[in-house]
Amino acid sequence: QAQLVESGGGLVQPGGSLRLSCAASGFSLDYSAIGWFRQVPGKEREGVSCISSSDGSRYYANSVKGRFTISRDNAKDTVYLQMNRLRPEDTGVYYCAAGRASGSYCRNSYAMDYWGKGILVTVSS
């Protein structure tokens, strides 16, 4: 069965960096959209970054553009999220998700079919 497992989260000080990894199994990333979402209690889940299934275009939320970079290694069935110049408002549970979303639709949670269990990222002094 399809499975996504996140790793690389933890505690980091403001201005620091962190790299999240998402290992996929049970399906191939070659034909899938893949993305990262984050959520805090009482707030809506938001799309952070994703890669389209159609042409591999990258999309970023305005709040992270220029600081975060998403990439994938299809040979390893792994997706990464490099997070630089982290801010306290970046704190949250980060989820890896995959689906057949085309274009910018990968930014929406409803377009994704498979989800990881999430991993906590805390940005604090």
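Numbering starts at 1 and runs along the sequence shown.
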In the single-linkage hydrophobic clustering (I, L, V, M, F, W, Y; side-chain heavy atoms under 4.5 Å), do [X] and [Y] co-cluster?
{"X": "I51", "Y": "L81", "result": "yes"}
{"X": "M112", "Y": "Y95", "result": "yes"}
{"X": "I119", "Y": "V64", "result": "yes"}
{"X": "W115", "Y": "L4", "result": "no"}
{"X": "F68", "Y": "I70", "result": "yes"}

Taking all atoms of both residues into account, what is the closest heavy-atom pair of [X] and [Y], and its distance?
{"X": "G47", "Y": "A61", "value": "O-CB, 3.5 Å"}
{"X": "V40", "Y": "T91", "value": "CG1-O, 3.4 Å"}
{"X": "E6", "Y": "K117", "value": "OE1-N, 3.4 Å"}

Checklist entry - Which residue pairs pass the disulfide bond (SG atoms under 2.5 Å apart) test with at least one member in residues 82-125, sequence neighbours excluded? => result C22-C96, C50-C106

Next on the checklist: Using a 3.5 Å distance criterion without hydrogens, assess whether the side chain of R107 forms a donor-acceptor pair with backbone atoms of G103.
Outcome noted: no

Item to check | Flag, side chain of N108 to backbone of Y110, donor-acceptor distance under 3.5 Å | outcome: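 Answer holds: no.
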
Checklist entry - Side chains of S52 and S54: is there a donor and an acceptor less than 3.5 Å apart? => result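 S54 and S52 do have a side-chain donor-acceptor pair below 3.5 Å.
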
Next on the checklist: Does either side chain, that of S17 or that of N84, offer a donor lying less than 3.5 Å from an acceptor on the other one?
Outcome noted: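 S17 vs N84: donor-acceptor pair found between side chains.
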
Would you compute the distance between atom [atom1] of [X] and atom [atom2] of [Y] and round it to the nearest 0.5 angstrom?
{"X": "L86", "Y": "S124", "atom1": "CG", "atom2": "OG", "answer": "12.0 Å"}
{"X": "D55", "Y": "S102", "atom1": "CG", "atom2": "OG", "answer": "7.5 Å"}
{"X": "M83", "Y": "T69", "atom1": "CE", "atom2": "OG1", "answer": "11.0 Å"}

How about [X] and [Y]: do any of their side-chain heavy atoms sit closer than 4.5 Å?
{"X": "S32", "Y": "Y114", "value": "no"}
{"X": "R38", "Y": "E46", "value": "yes"}
{"X": "V121", "Y": "L20", "value": "yes"}

Does atom [atom1] ([X]) have a neighbourhood of more than 12 heavy atoms from anything else shown, all under 6.0 Å?
{"X": "F27", "atom1": "CZ", "value": "yes"}
{"X": "Y60", "atom1": "OH", "value": "yes"}
{"X": "E44", "atom1": "CD", "value": "no"}

Checklist entry - Where do Y94 and F37 land on the side chain to side chain contact (heavy atoms under 4.5 Å, CB included) test, with the steps shown first? => result CA-CA 6 Å; Y94 283 69; F37 298 77; over 6 Å; no

Item to check | S21 vs S7, side chain to side chain contact (heavy atoms under 4.5 Å, CB included): CA-CA, chis, key distance, verdict | outcome: CA-CA 5 Å; S21 298; S7 62; 3.6 Å; yes

Next on the checklist: Within 45 degrees of the ring normal and closer than 6.0 Å to the centroid, is that where the cationic atom of R58 sits relative to W36?
Outcome noted: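 No, R58 does not lie over the aromatic ring of W36.
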
Checklist entry - Quick one: does NZ or CZ of R72 land under 6.0 Å from the six-membered ring centre of Y80, within 45 degrees of the ring axis? => result no

